[in-house]
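A short worksheet on the structure shown next.
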There are 2 protein chains.
Amino acid sequence: MALKTLSGKAAAALDKELMSTGAFSIDQLMELAGLSVSQAVYRVHPLSKGPRILVAVGPGNNGGDGLVAARHLRHYGYQPTIYYPKRSKNDLYQRLAKQLEDLEVPFVDDFPAALGSTDHVVDAIFGFSFSGEVREPFPAVIRALEETEVPVTSVDAPSSWNIEDGPPPSGAIGSAFNPGVLVSLTAPKPLVRHFKGRHFVGGRFVTPAIAKKYDLDLPEYEGIDQVVEVGPSGQKL
Amino acid sequence: MALKTLSGKAAAALDKELMSTGAFSIDQLMELAGLSVSQAVYRVHPLSKGPRILVAVGPGNNGGDGLVAARHLRHYGYQPTIYYPKRSKNDLYQRLAKQLEDLEVPFVDDFPAALGSTDHVVDAIFGFSFSGEVREPFPAVIRALEETEVPVTSVDAPSSWNIEDGPPPSGAIGSAFNPGVLVSLTAPKPLVRHFKGRHFVGGRFVTPAIAKKYDLDLPEYEGIDQVVEVGPSGQKL
């Protein structure tokens, strides 16, 4: 049976529907998405593995999810550090950054240096709306993530991967980027066919009607969990 | 040592600060507050005790927390029913109600009838800004809650209790209302000195700086929990 995934285009339409007829605000959805990411990180990287988490934040919604996740991780007792080189003027992202500053979470400019003194990386650079080229200053960041031995959790997509087709062609930026953990928000995207690591689905706000309309076959969450672990390509475990 | 609590006035100031200099939106805070309530209900009333949860929703923020909690409970597998007699025209509350309607959560008008066919009640009628008289149509609702044997979880305050002084004088509406469970949001209010049931603190978004400024002595949350159980009057367990 073919795996059901959500294309980048369908994911954008689903998000738009949740925020129009679905009556959700982006603040709500981002809070729940970031909470899911924080719970996945807690599961794969408990505090006993080291408290330092470097969160690489991109300029769009994927970055916003990372900022929310960082705040929750701070409340869980981790020591997050934020790399956020292209700060958005969007009001929500500015507020999410302020919430971290009020928790005395440091923002750093030197990604390679930060990578050298962390226990885990959250890749919240690009999400389902990514396509085309990796823009500055992120090529060097992706290169560093390709080479590092620090474990990486990617949010929704390994940054630089094509949402439909997966890793870039051999030699291109990101072709050797293989994060150990992926958190698919709402539903897995087609790229998961090429993913080999631990895989979680998060974003526990999809109604049965939306799941039916978008032909999603979502795994069952347990108890109060905001994430559920699935197979690398999204198979139910 | 005197127990540290947050007066109604201080709670209002703290909320205002979170939403101004703290940069939180009310959508975010209400999502996290309602999530806390849902986790407390899951803990005191697991699904095995019966899936039917009647949520009594008041006209203000306390009611909004209840609407959010109901949505999460629905996702956990419960069957919530909403009693929401004074619907607000506020955009956020309207959206929270729509989110429940999209999950096919029923809204009912007859509280006593609904009380007769539920396994648990969430009292989200009045919160820390309540004072004075219980207004229509809530006197009959509070009377029904005084008499029922169905277990009740109150959000932030047993509705009708004075935030500073606790239960109303003997014979007044609510004087015999003693919910078995209370979820104090952000921090316990002074009324907890009169509370005898199971008590949780929720709302895991307070920064150390805010806790210091408002002289709060918050209990430590465990792991990824959004609630922490404390003694009836807020003592650490």
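The sequence lines fix the lettering, A, B, ..., with proteins before strands; numbering per chain opens at 1.
Per-residue heavy-atom pair counts under 4.5 Å with chain A were compared for B:K98, B:E222, B:E220, B:Q99, and the maximum is reached by B:Q99. The candidate with the highest count of non-hydrogen atom pairs below 4.5 Å against chain B, out of A:A209, A:P46, A:S25, is A:S25. Contact tally against chain B (heavy-atom pairs below 4.5 Å) for A:T21, A:L96, A:D225, A:L73: the top residue is A:T21.
Using a 4.5 Å cut-off on side-chain heavy atoms (C-beta onward), A:Q226 and B:H75 make no contact.
For A:Y42, the part lying near chain B is the side chain, with the backbone staying farther off; criterion is any non-hydrogen pair under 4.5 Å. With a 4.5 Å cut-off on non-hydrogen atoms, A:I210 does not touch chain B at all. For a residue to count as touching a neighbouring chain, one of its non-hydrogen atoms must lie under 4.5 Å from one of that chain's; by this rule A:L92 does not touch chain B. Within the 4.5 angstrom heavy-atom criterion, no atom of A:V68 approaches chain B. Contact annotation for A:L35: only side-chain heavy atoms (C-beta onward) come within less than 4.5 Å of a heavy atom of chain B. For A:R43, no part lies near chain B; criterion is any non-hydrogen pair under 4.5 Å. For chain B, no part of A:E101 is nearby; none of its heavy atoms comes within less than 4.5 Å.
More than 12 heavy atoms of other shown residues, nucleotides or ligands fall within 6.0 angstrom of atom CG in B:D110. Atom NZ of B:K236 sits in a crowded spot, with more than 12 heavy atoms from other residues, nucleotides or ligands closer than 6.0 Å.
A:P208 and B:R74 get closest at one heavy-atom pair: CG-NH2, 4.0 Å. The heavy-atom pair separating A:F24 from B:R95 by the smallest distance is C-NH1, 3.9 Å.
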- Message: A:E31 vs B:D27, test: side chain to side chain contact (heavy atoms under 4.5 Å, CB included). Steps then yes/no.
- Response: CA-CA 9 Å; A:E31 192 63 35; B:D27 291 48; over 6 Å; no

- Residues B:H72, A:L32; criterion side chain to side chain contact (heavy atoms under 4.5 Å, CB included); working and verdict: CA-CA 11 Å; B:H72 287 291; A:L32 294 173; 3.7 Å; yes

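With rounding to the nearest 0.5 angstrom, the CG atom of B:L18 is 9.5 Å from the CG atom of A:D102.
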